[in-house]
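For reference, the structure discussed in these notes is given below.
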Amino acid sequence: MKRQTVMIVDDTPANIEILSETLGEEYELFFATSGADALELIRADKPDLILLDIMMPGMDGYELCSILKGDPATRDIPIIFVTAMIGEEEEIKGLELGAIDYLTKPISPHIVRARVKNHLELKRYRDLLETLASAADRAKKEFLRSVSHELRTPLTPIIGMTDLVLDSEEDDNKRKYLTMVQKSALRLLGIVEDLIETSRLEGEGTAPEYRPFLLKAFLDTVAMEARTQAEGKGLDFMVTLDPALPEAVSSDQAMLHKVLTMLLGNAVKFTTAGKVSLEVHLQEVAGEQMLQFSVADTGVGIDPADLERVFSDFTQSDGSITRSFPGLGLGLTLARRMTELMDGSIWAESSPGGGSLFQMQIPLLLPEPESADAPPFADGVRQ
């Protein structure tokens with residue numbers, strides 16, 4: 001097994017010598033006599049643990065610790081301060097900066113060995129847990145990807161053959177049962193498609209494809225689909241568009257369509273009476289123009305404690321087995337991931353029984369000025 005590495009940072013050679021004699025037989029040791037030199041060495045080859053003197057000329061131990069803990073690449077390296085200062089104020093300061101322990105001078109070899117061993121064992125177990133968690137996550141994604149594709153393969157002929165039989169079947173009872181089969185298969189296919197999309201978005205290299213399209217024509221299509229669903233449940237459906245919206249924008253139309261469809265579909269799904277609405281307007285955030293989409297409903301609402309949780313994998317605000325609304329709870333997870341890929345943000349506002357309001361913002365990107373030979377927009381998209 002490869003020996004664990006310990007870096008000793010101290011401007012006094014005598015202290016380095018004592019620590020080397022204490023630890024040299026068990027660990028691979030590296031040395032630096034200044035904070036600046038240590039920083040350069042640590043960034044080139046991260047040690048498993050750092051023994052850091054506080055009082056050094058130039059960059060002292062506190063400053064070096066602060067820099068290391070502020071860098072995602074080095075923040076997880078355990079740091080033990082070695083110092084003659086044992087006041088409570090200094091100790092609190094070091095711990096608040098991220099150090100895990102103190103060793104006091106004059107150095108006791110037995111205490112040094114014991115504390116270094118304990119902290120390196122803790123680090124070894126932590127690294128092992130992170131490795132296992134990462135492996136489990138990869139296995140989960142691969143399992144979902146494989147199972148999803150295997151489920152979709154038999155569903156396609158089931159739906160197709162059911163459609164064919166329905167077209168020729170005249171018996172009302174048989175048509176009723178076949179229609180139930182068809183609806184169940186389509187619902188299952190929707191769940192499978194969500195699983196496949198989740199796996200795809202978690203893969204590397206997924207990025208939005210920005211293309212210009214006519215915003216109002218796009219929103220008319222989205223609204224028409226949602227209106228059909230809403231009116232099918234006897235709900236009112238309203239659309240409000242900011243007059244200042246530009247004629248054309250540049251974004252990933254497919255992603256934006258999927259996010260809005262999910263939000264509106266959820267609003268209809270969780271609303272039994274009243275209305276669902278879509279509002280689109282311009283919003284300035286930190287000096288940047290944003291497109292803001294608001295989807296509101298008069299449905300069951302969400303408990304305030306669940307507002308963040310609903311965007312997590314396989315989560316609904318009602319997690320009970322007997323919940324009234326079926327589904328894996330992947331829709332909002334996909335909406336969040338797609339919104340983030342478009343450099344946007346999404347959040348929910350709600351109260352139980354008071355309806356829900358989902359807000360999404362993405363940067364307003366305008367198409368490049370049209371040249372004389374540029375192909376025109378067609379069906380809402382420039383060809």
Does Thr240 reach the main-chain N or O of Glu279 with its side chain, forming a donor-acceptor pair under 3.5 Å? no
For the pair Asp252 (side chain) and Glu209 (backbone), establish whether a donor and an acceptor sit closer than 3.5 Å, ignoring hydrogens and angles. yes
With the side chain counted from C-beta on, respond yes when [X] and [Y] share a heavy-atom pair under 4.5 Å apart, and no when they do not.
{"X": "Phe30", "Y": "Leu41", "result": "no"}
{"X": "Asp242", "Y": "Val280", "result": "no"}
{"X": "Ser294", "Y": "Leu357", "result": "yes"}
{"X": "Leu291", "Y": "Leu215", "result": "yes"}
{"X": "Gln229", "Y": "Lys233", "result": "no"}
{"X": "Leu260", "Y": "Met360", "result": "yes"}

For [X] and [Y], work out which heavy atoms get closest and say how close.
{"X": "Gly301", "Y": "Ser356", "result": "CA-OG, 3.5 Å"}
{"X": "Ala185", "Y": "Ile158", "result": "CB-CG2, 4.3 Å"}
{"X": "Gly94", "Y": "Tyr102", "result": "CA-OH, 3.4 Å"}
{"X": "Val268", "Y": "Ala226", "result": "CG2-O, 4.4 Å"}
{"X": "Phe237", "Y": "Ala223", "result": "CE2-O, 3.7 Å"}
{"X": "Gly274", "Y": "Thr298", "result": "CA-OG1, 3.3 Å"}

Answer yes if Leu241 and Met238 sit in the same cluster of Ile, Leu, Val, Met, Phe, Trp and Tyr residues linked by side chain heavy atoms under 4.5 Å apart, and no otherwise. no
Are Val239 and Leu256 connected in a single hydrophobic cluster, I mean Ile/Leu/Val/Met/Phe/Trp/Tyr linked by side-chain heavy atoms less than 4.5 Å apart? yes
Donor-acceptor contacts under 3.5 Å from residues 65-79 side chains, at least two apart:
from	atom 1	to	atom 2	distance (Å)
Lys69	NZ	Arg75	O	2.8
Lys69	NZ	Ile77	O	2.9
Asp71	OD1	Ala73	N	2.9
Thr74	OG1	Leu68	O	2.7

Rounded to the nearest 0.5 Å, how far does OG of Ser251 lie from CG of Leu366? 11.5 Å
Is the shortest distance from a Lys or Arg side-chain nitrogen in Glu340 or Arg337 to a carboxylate oxygen in the other one below 4.0 Å? no
Note: Asp127-Lys123 ion pair, threshold 4.0 Å (strictly below): yes
Taking side-chain hydrogen bond (donor to acceptor under 3.5 Å, both in side chains) as the criterion, tell me which of Lys117, Glu26, Arg124, Glu121 meets it with Gln4. Arg124
Hey, can you tell me if Phe218 and His257 have their rings parallel, tilted or perpendicular (30° and 60° cut-offs)? perpendicular
ring-ring contact (aromatic ring centres under 6.0 Å, His included) involving Phe293 - partner list, sequence neighbours excluded: none
Members sharing Leu166's hydrophobic cluster, built from side-chain contacts under 4.5 Å between Ile, Leu, Val, Met, Phe, Trp and Tyr, are Val165, Leu178
Criterion salt bridge (charged side-chain N to carboxylate O under 4.0 Å, His left out) on Asp53 and Lys105, from CA distance to verdict: CA-CA 10 Å; Asp53 185 26; Lys105 300 175 183 178; 3.2 Å; yes
Could I get the full list of side chain to side chain contact (heavy atoms under 4.5 Å, CB included) partners for Asp60, not counting sequence neighbours? Tyr62, Glu63
Not counting sequence neighbours, which residues clear side chain to side chain contact (heavy atoms under 4.5 Å, CB included) with Ser20? List them please. Ile8, Ile16, Leu29, Phe31
Under the rule for salt bridge (Lys or Arg N to Asp or Glu O under 4.0 Å), what residues qualify as partners of Glu28, not counting sequence neighbours? Arg3
